[in-house]
Each structure stands twice: as structure tokens, then as C-alpha cells.
Asks: 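Sharing a structure, written as C-alpha cells. Questions coming.
Note that the numbering runs from 1 along the sequence shown for the chain. Owing to the predicted nature of the structure, the values given are computational and were not obtained by experimental measurement.
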Amino acid sequence: MTDASPSSTATSSNLAPFRESKSRRDEQHQRANNLISAVTSKLNANSNSSSVNSPTSTIGNDIGISACSVRPLTRREVSTLEGPGCSCKCEDWSKVLVITTDGVGSGTDLSAELRGQICTTTFAGWVLLGVNIGNSTSSDDSCGSPLKPGVRRNDLVSNCILEPGCTVQGNTFIDRTHVCPDASIINCGSVTFASDSSFADEMEITIGAESGGGRDVRVHVESTLVDVCHKLGMGSQSTSSSHFHYNHYKPTKLIMNTICRNASILHSPMVTCVYLSPHSSIDAATSVSNVILLPESKIAKSCTVDAAYLQWKATITTNSSVSSTVLMECSEIGPNSFVSSTVLGPDSHLSAGECHHSLLGPNTNSHHQSLLISVLWPLGRGNVGYGANVGSNHTGRLPDQEVCAGEGTFWGLGSVVKMPVNLCDAPFTVVAAGVELSPQRVGLPFSLVLSGTEQDGGGGLNQILPGWVLQSSPYTIARSEAKFANRRKAKRHAWYTGWCIIRPSTIDMCWHAREELVKAGNSSLSSQPSGQNSLERARPTIYKSESIHRLGQNYITENGRRKGILAYTNVIQLYALRGLLLKVEKALKMCHKSFGDEVAPRELERRMEGILSLHRNENCLPRHEFENVVLWPSLPWDESNERHILWNHQRTILKMEIPSLLSQDEANLSPPDMVVRLLERLIGLETDFADRVFKSKRRDDTRGDSILPGYLSSHTCAEEDTVVEAAVKECQRVERSISEIRSALSGHASVVSRL
């Protein structure tokens with residue numbers, strides 16, 4: 001639960017797929033240049049004579065294209081194309097060259113192949129016409145078999161490279177397009193490339209403020225969130241992947257449309273300036289321009305797209321409008337979505353709503369009609385409910401405001417956010433249905449924000465319940481940990497998207513939040529006259545931002561403050577004690593390795609004394625001046641995943657928690673006995689956590705069964721829920737492990753278990 005992703009640093013192997021993708025695109029670009037050079041060279045050589053009368057020649061490996069022959073048409077081949085079997089037209093056949101991939105000599109007549117593969121098409125400008133050798137069907141068969149490779153029934157084809165084995169048919173106008181073998185353009189209107197286009201594999205997107213500023217970021221087709229956040233000044237500025245992408249990335253300006261092998265453009269009326277990688281597709285799109293698709297990505301069903309990069313398996317579908325957007329691996333937009341100037345992280349989905357000028361991290365989902373404007377959400381992992389309006393960014397002067405959303409934020413049904421709002425220091429906070437957030441900054445993690453009530457005397461403010469998700473809905477955290485670990489499909493980004501929810505930076509936030517809640521309670525007592533008795537010196541009913549800065553424009557009750565302290569204390573201690581157990585388990589494992597089945601108690605005691613001696617250092621958490629300093633949260637891929645560094649942090653936390661974990665007498669025990677006492681506290685915390693996970697799911701079952709007929713028979717109950725089962729099994733594993741540690745210390749080590 002506390003271990004970071006095992007590959008959270010940008011190693012060469014992690015970046016290899018991104019580099020290879022760029023390299024393959026540059027190679028394809030060079031191939032198109034080579035073919036155009038071959039055409040230009042041949043046309044210049046024939047400029048003083050008619051190509052159909054001049055001697056033919058073969059151009060192959062000398063232009064860097066293996067086993068490829070390029071030559072002009074012969075008179076007989078021109079006659080075949082113009083004849084009744086093909087019915088093709090061209091004002092200047094000397095500019096139409098044929099290309100074959102079998103190294104056929106210049107004297108080979110291709111009339112039969114042309115008759116079987118080319119028909120009813122008008123050519124203009126220069127055209128490099130691919131021919132499959134040996135594929136010579138009758139003209140009637142060829143024109144009546146639309147799925148066979150070939151060039152058929154096109155109103156106009158100009159300035160194109162149509163390689164052998166491609167399928168181009170039923171189109172109105174194809175211009176400046178390179179169609180590779182096994183690629184297809186079928187039943188389209190115009191597929192063109194603007195001669196003055198600046199289309200490249202890098203572009204600038206403005207996120208954040210729509211006007212009056214904005215955060216400009218240069219992105220490219222293979223961008224990662226690590227790159228984008230680095231460019232925006234978030235987190236560490238020494239991330240190695242950014243050195244590759246931004247310091248050494250050389251953008252390539254594309255010269256024509258490219259449809260790679262097994263890629264296709266189908267039934268689309270207008271396509272301009274596109275690059276389709278292998279196995280990508282555009283199908284029945286309304287308009288597509290300035291778009292690059294990586295393998296297995298697609299645009300489909302009446303979409304309008306301009307200036308977009310789609311990474312592997314990304315999708316834009318069904319009546320969606322998208323512009324100036326990057327879709328990272330396995331992300332999806334649609335149906336019925338409007339998205340502009342947005343970076344959409346891996347495994348994220350936007351459906352049926354609007355999103356503009358935003359950065360959305362991984363596993364972010366908005367499946368309903370909602371609005372996101374100027375939302376900076378680098379760690380994502382949240383949800384947007386139906387009707388949520390996270391977009392009131394206009395002050396009456398300029399639309400220049402922003403929202404900084406914390407990891408795992410849930411925007412409830414019909415919630416309204418008036419900018420600016422900052423929840424970065426409140427990860428996994430739930431904004432309940434109908435809540436209206438005024439401009440504010442909140443620093444209480446795992447909280448619930450509710451509409452305030454008059455009885456509480458909040459003065460129109462919302463009520464916040466600190467740590468509510470941890471204490472009252474731990475099922476949410478347990479399920480999310482499993483979901484983010486198992487449902488990630490974006491394998492190329494997996495090296496940095498698999499971080500744990502409960503990690504050092506999250507615990508630091510909980511620690512500082514708890515300290516401020518405790519301080520507020522103490523201050524409220526000390527500020528009252530000392531002459532009052534204990535009953536008269538009661539704590540206030542509610543607290544506001546004047547006494548707790550992290551509240552933002554909300555209030556908490558005294559009961560909420562106490563529950564928040566308990567919730568944060570439990571998760572802090574659980575985190576630290578899990579680290580201690582892992583350290584002792586490792587020591588016991590080393591003893592087993594050194595001494596076999598029978599573990600020498602003294603040896604284990606010696607190793608445990610070493611653990612505690614490390615624990616007695618003087619480290620402490622850095623002070624966080626929440627009210628005076630506004631910073632981006634620590635990004636998980638900047639946190640070290642080395643076990644000893646994680647243990648150092650857990651040990652520091654444990655040092656500060658000892659007074660509340662052990663009594664004064666227990667604190668004076670021998671180191672091994674003290675460790676055992678601490679681990680016994682862990683059993684209690686794990687049992688309590690598993691019990692609360694069960695109860696939070698069981699509460700839903702009970703409520704549903706009391707309202708809906710047949711609820712229990714049609715829903716997975718808490719007793720059978722996999723998340724609940726996992727929490728119970730972990731609790732049982734911890735008990736067994738600690739039992740074995742006790743046995744080893746007493747000289748009765750188990751022979752069966754090896755931790």
C-alpha cells in the first residue's frame with residue numbers, strides 16, 4: 001500500500017517506446033522525401049522529351065528505398081489506362097510514374113496489372129502510381145470489387161504517392177497524400193494537404209486562463225504527463241524524461257498526408273493535413289485537420305477535429321468537437337463532447353460534456369454532461385458528476401481564473417465552482433451534490449464538503465468534514481488502490497502512473513492538517529479566561545478560517561474536528577507501522593536465510609535493536625506554512641521509490657507518533673519488546689481498517705435493501721465483495737506475520753511460513 005511504483009523514474013527503457021515512435025515517424029517522413037526526390041529526378045530527366053516515347057529506367061536502392069522501381073508509363077500502358085477497361089483521364093501522362101516493389105525491369109509491360117487495379121480515375125499534377133505485380137484481374141472484376149487493392153472511381157487524384165497494395169477508391173479529391181501498402185482511403189470527399197501548412201509533430205497549447213494570460217506549453221505527439229508538468233513548472237525540475245523530450249526533441253514539419261500500413265480513412269467528407277500511423281483510422285468523421293494518430297487510435301462517427309494528437313489506442317468518437325488537444329494513451333473523448341486546448345492524461349475519459357484549457361491527469365473520468373474550464377488537475381484520478389459546473393472562471397472583467405484540483409477529487413452532481421479554487425492540498429476530497437464553492441484554498445485531505453446548515457451557525461458557509469473519506473468511507477480508498485493498480489491500460493505510461501494513494505507526500509499533508517486541527521482546539525481553550533471552570537471553558541461549536549487556515553471558506557464543528565484528528569492519526573500511524581512490519585519481516589527473513597528453520601532469538605533481537613537505533617534519529621517533517629506559501633503538490637514520480645528512503649520517512653513519522661502509540665511504561669521497554677508492542681498496535685489498526693471498509697460497504701447494502709425491492713439478490717453484498725475480502729485477508733496476513741515474529745523471539749519459529 002505504501003510502496004511507490006517500481007519504475008517511477010524515467011529510465012531509458014521506459015522512454016524507449018516514445019523514442020521509437022518518433023523515430024518511425026521520421027523514417028516514414030524520409031521515405032516520402034526519397035520518393036518525391038525520385039519523382040522530381042525522373043520528371044526533370046524527361047522534361048525535354050515525352051516520357052511515353054523516351055527510354056525507361058529503374059530507380060531503386062539508390063534513393064534509399066529497398067526493392068523499389070520507379071519509371072514513366074509506356075505508350076501501351078497509357079493506352080490501357082485511357083481505354084474502355086480503365087476509363088482514366090490525365091492531361092499530362094508524362095507526370096504519372098509507376099512504382100513496383102518487386103524490382104521489375106524497365107521492359108516489363110504492366111498493362112494487365114493496370115487494367116486489373118486502376119479504373120475510372122482522373123489524374124493531375126504528378127502521381128506515383130503503385131502496381132502489384134501478378135495481380136491482373138479483368139476490368140469488370142476490378143471495378144466491381146471495391147475492397148481489393150487498387151485505385152478506382154476517384155474524381156481527381158493529384159500530387160500523390162499511391163504505393164503498391166494500397167486501396168484508394170470512391171473519393172472526390174485526393175491531393176498531396178502518401179498512401180502506403182495495405183492502407184486505404186475509401187468513399188471520402190476531399191483528402192488534401194495545404195501547400196502553406198505549418199503542420200508538425202509539435203504544437204503549443206494554452207491551458208489555464210482563457211484570456212489575460214494563460215500557461216503556454218509546447219507538447220508533441222509522444223508527450224507524457226511528466227513532460228507537461230515539467231514544462232509548466234510543477235514538481236521537480238530535474239526529471240530525466242523532460243531532458244529527452246524538451247531539450248533534445250526535434251519537431252518534424254510534415255510535407256504531405258501520410259496513411260501508413262493498415263491505416264484507413266473511410267467515409268469522411270473533409271480531411272486535411274493528417275498522419276495516420278499503422279492500424280489507426282478515421283471513419284465517418286465530419287472534418288479532420290492537422291491531426292496525428294499513433295497506432296490503434298481512431299476518430300469516428302461525425303466528429304470535427306482540428307489540431308490534435310492521439311496516442312496509442314486513443315479515441316475521439318460520436319458527434320464530438322476537439323481542437324488543440326493531446327489525447328494520451330488509451331484516453332477517450334466522446335460521445336457528444338466539446339474539448340479544446342486540453343491535455344488529456346492516459347486512461348482518462350470525457351463524455352457528453354465540455355472541457356477547455358485544462359490539464360487532466362491519468363484515470364480522470366467525466367462520463368456525463370458537465371463543464372470543465374481552466375482546470376489544472378495534474379494527478380487526475382477523479383470523477384466529475386452530472387451537471388457539475390467547474391467553470392465559473394469569468395469575473396465580469398476577464399475569463400482569467402483557474403481551478404487547481406487535487407488528486408482524486410470528486411465533483412458531485414450539480415456542484416458549482418466559482419474560481420479561483422485550489423484543492424491541491426486536499427486530495428481525494430468529495431464535493432457533495434449541489435455544493436457551491438466560492439473562491440478559496442483548502443488543505444484538508446480526504447474530506448467531504450457539504451452545504452452548510454442554519455442550525456450550525458456557519459453564516460452561509462459550506463461545512464467540511466476533515467478526513468471523512470478515511471474514517472467513514474475507507475472502502476473508497478481501498479477500491480481506488482486496487483482499481484488504479486489493475487485497470488491501467490496505458491502500458492507505455494505505466495512507469496509513472498501506478499503510484500500509491502498512501503505515500504509520503506500524502507501522509508505529510510495529513511500530518512500538517514492534523515497539527516492545525518489540534519492547534520485550533522488548544523488555542524480555543526487557552527484564549528478563554530483562566531478563572532472559568534472546566535464546564536465554562538467549553539470549546540466553540542464551530543471553527544472558521546480565522547482559526548484554521550486550511551478550512552478555506554468553510555466551517556467545521558467541534559465534532560468534525562475531533563473526527564478529523566482521529567482519521568488523520570489512524571492513517572498516519574497505519575502508514576508508519578506498516579513500514580516497521582516490513583522492516584522486521586525483512587530482518588526475520590534474513591535470519592531464516594542465515595540460520596535455517598530454527599531462528600536464533602538473540603540474532604533476531606540484535607537486528608530489531610538495529611531497527612530501533614535507526615529510529616532514534618532527530619529527523620522531523622519540514623514545516624509547511626500553508627497560509628503564506630502557495631506551491632504545487634509534490635508529484636509522485638518525483639518521489640523516490642527506493643525502499644530505504646521510504647523507510648526513512650516512515651521511521652521519522654513513527655518517532656513522532658511514539659508518545660500516542662505507547663504508554664510511558666511501554667516506552668521504557670527493551671527495543672525488541674517495544675517493537676512487539678508497536679506491531680500489536682498495528683494489528684488493532686489493521687482490524688479497525690478492515691472493519692470500517694466492511695461497514696462502509698455494508699451501509700450501502702442496508703440502505704439499498706430498505707428502499708429497493710430485490711436489492712440484495714441483484715447486488716454484490718459486503719460479505720462477498722472483493723475489496724472487502726482483500727482488506728480482511730491483509731489484516732489476517734499481518735496477524736500471522738506478527739505471530740511468527742513473536743514465535744521467533746521466543747525461540748519457537750514456524751518452519752512453514754517464510755514471509
Side-chain angles (χ1 to χ4, degrees), residues 17-18 20-29 31-32 166 176-180 182-186 188 191-193 197 199-203 205 219-224 251-268 270-318 320-334 337 339 342-350 489-493:
F18 302 92
E20 291 168 2
S21 175
K22 166 65 172 170
S23 177
R24 283 192 293 268
R25 190 167 58 256
D26 287 345
E27 289 172 0
Q28 183 64 47
H29 178 263
R31 176 177 172 80
C166 73
R176 296 187 67 185
T177 299
H178 181 186
V179 189
C180 297
D182 303 315
S184 304
I185 304 179
I186 300 174
C188 293
V191 180
T192 61
F193 194 97
S197 172
F199 179 47
D201 54 8
E202 184 179 65
M203 66 176 168
I205 294 177
V219 296
H220 50 82
V221 186
E222 288 83 14
S223 284
T224 68
T252 301
K253 182 179 177 181
L254 305 185
I255 58 173
M256 64 192 315
N257 298 321
T258 300
I259 322 299
C260 295
R261 283 183 178 272
N262 300 299
S264 60
I265 304 178
L266 311 174
H267 317 295
S268 299
M270 185 176 297
V271 177
T272 305
C273 301
V274 296
Y275 181 100
L276 278 70
S277 301
H279 300 282
S280 62
S281 65
I282 299 173
D283 188 358
T286 301
S287 175
V288 178
S289 59
N290 302 306
V291 168
I292 296 179
L293 296 91
L294 294 189
E296 300 183 75
S297 60
K298 63 180 179 181
I299 300 172
K301 299 180 181 179
S302 304
C303 291
T304 300
V305 183
D306 177 47
Y309 299 151
L310 285 74
Q311 293 187 2
W312 306 268
K313 297 185 179 181
T315 302
I316 302 174
T317 187
T318 314
S320 296
S321 176
V322 179
S323 63
S324 301
T325 294
V326 175
L327 289 81
M328 294 186 185
E329 186 178 9
C330 293
S331 60
E332 183 173 348
I333 294 176
S337 301
V339 181
T342 292
V343 176
L344 187 59
D347 293 309
S348 293
H349 300 82
L350 294 173
K489 298 179 181 178
K491 60 183 181 180
R492 295 167 186 83
H493 294 261

Asks: Could you tell me whether the side chain of N257 and the main chain of Y275 form a donor-acceptor pair under 3.5 Å?
Replies: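 It does not hold such a pair.
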Asks: Any heavy-atom pair between the side chains of I282 and L276 that's under 4.5 Å?
Replies: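 Of all side-chain heavy-atom pairs linking I282 with L276, at least one is under 4.5 Å.
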Asks: Starting at NE2 of H267, measure out to OG of S302 and round the result to the nearest 0.5 Å.
Replies: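 One finds 12.0 Å between NE2 of H267 and OG of S302.
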Asks: What's the spacing between M270 CE and T304 OG1 if we round to 0.5 Å?
Replies: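 Answer for the CE-OG1 pair, M270 versus T304, is 10.0 Å.
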Asks: Which value, rounded to the nearest 0.5 Å, describes the distance between S277 atom OG and R25 atom CZ?
Replies: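 S277 OG to R25 CZ: 7.0 Å, rounded to 0.5 Å.
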Asks: Is there side-chain contact between Q28 and C260, with heavy atoms separated by less than 4.5 Å?
Replies: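 SC-SC contact between Q28 and C260 confirmed.
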Asks: Checking the side chain of S264 only, and the main-chain atoms of L266 only, is there a donor and an acceptor separated by less than 3.5 Å?
Replies: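 Here the side-chain-to-backbone pair does not exist.
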Asks: Salt bridge check: are K22 and E222 linked by an N-O gap of less than 4.0 Å?
Replies: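 E222 and K22: not salt-bridged.
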Asks: Short question: side chain of S331, backbone of D347 - any donor-acceptor pair under 3.5 Å?
Replies: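 No, because the side chain of S331 does not come within donor-acceptor range (under 3.5 Å) of the backbone of D347.
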Asks: Mark yes or no for whether S268, through its side chain, and A285, through its backbone, hold a donor-acceptor pair below 3.5 Å.
Replies: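 It does hold such a pair.
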Asks: Do E202 and T252 have side chains that get closer than 4.5 Å, going by heavy atoms?
Replies: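 Sidechains of T252 and E202: no contact.
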Asks: Keeping the roles fixed (side chain from R176, backbone from I255), state whether a donor-acceptor pair exists under 3.5 Å.
Replies: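 Judged by distance alone, yes, a pair lies under 3.5 Å.
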Asks: Find the distance between NE2 (H493) and OG1 (T224) and round it off to the nearest 0.5 Å.
Replies: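 Answer rounded to 0.5 Å: 7.0 Å.
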Asks: Contact between T342 and I205 at the side-chain level, heavy atoms closer than 4.5 Å - yes or no?
Replies: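 No; the side chains remain at least 4.5 Å from each other.
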Asks: Keeping S297 on the side-chain end and A314 on the backbone end, is there a donor-acceptor pair under 3.5 Å?
Replies: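 Not a single qualifying donor-acceptor pair exists.
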Asks: Checking side-chain hydrogen bond (donor to acceptor under 3.5 Å, both in side chains) against E329, which of K313, Q311, K491, R492 comes through?
Replies: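 When side-chain hydrogen bond (donor to acceptor under 3.5 Å, both in side chains) is applied between E329 and each of K313, Q311, K491, R492, only R492 qualifies.
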Asks: Does either side chain, that of D306 or that of S323, offer a donor lying less than 3.5 Å from an acceptor on the other one?
Replies: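 No.
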Asks: Could you label the plane-to-plane angle of the W312 and F18 rings as parallel, tilted or perpendicular, counting under 30° as parallel and over 60° as perpendicular?
Replies: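 Plane angle over 60°, so perpendicular.
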Asks: Examine the side chains of N262 and D182 and answer whether a donor and an acceptor come within less than 3.5 Å of each other.
Replies: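 Note: N262 and D182 side chains miss the donor-acceptor criterion.
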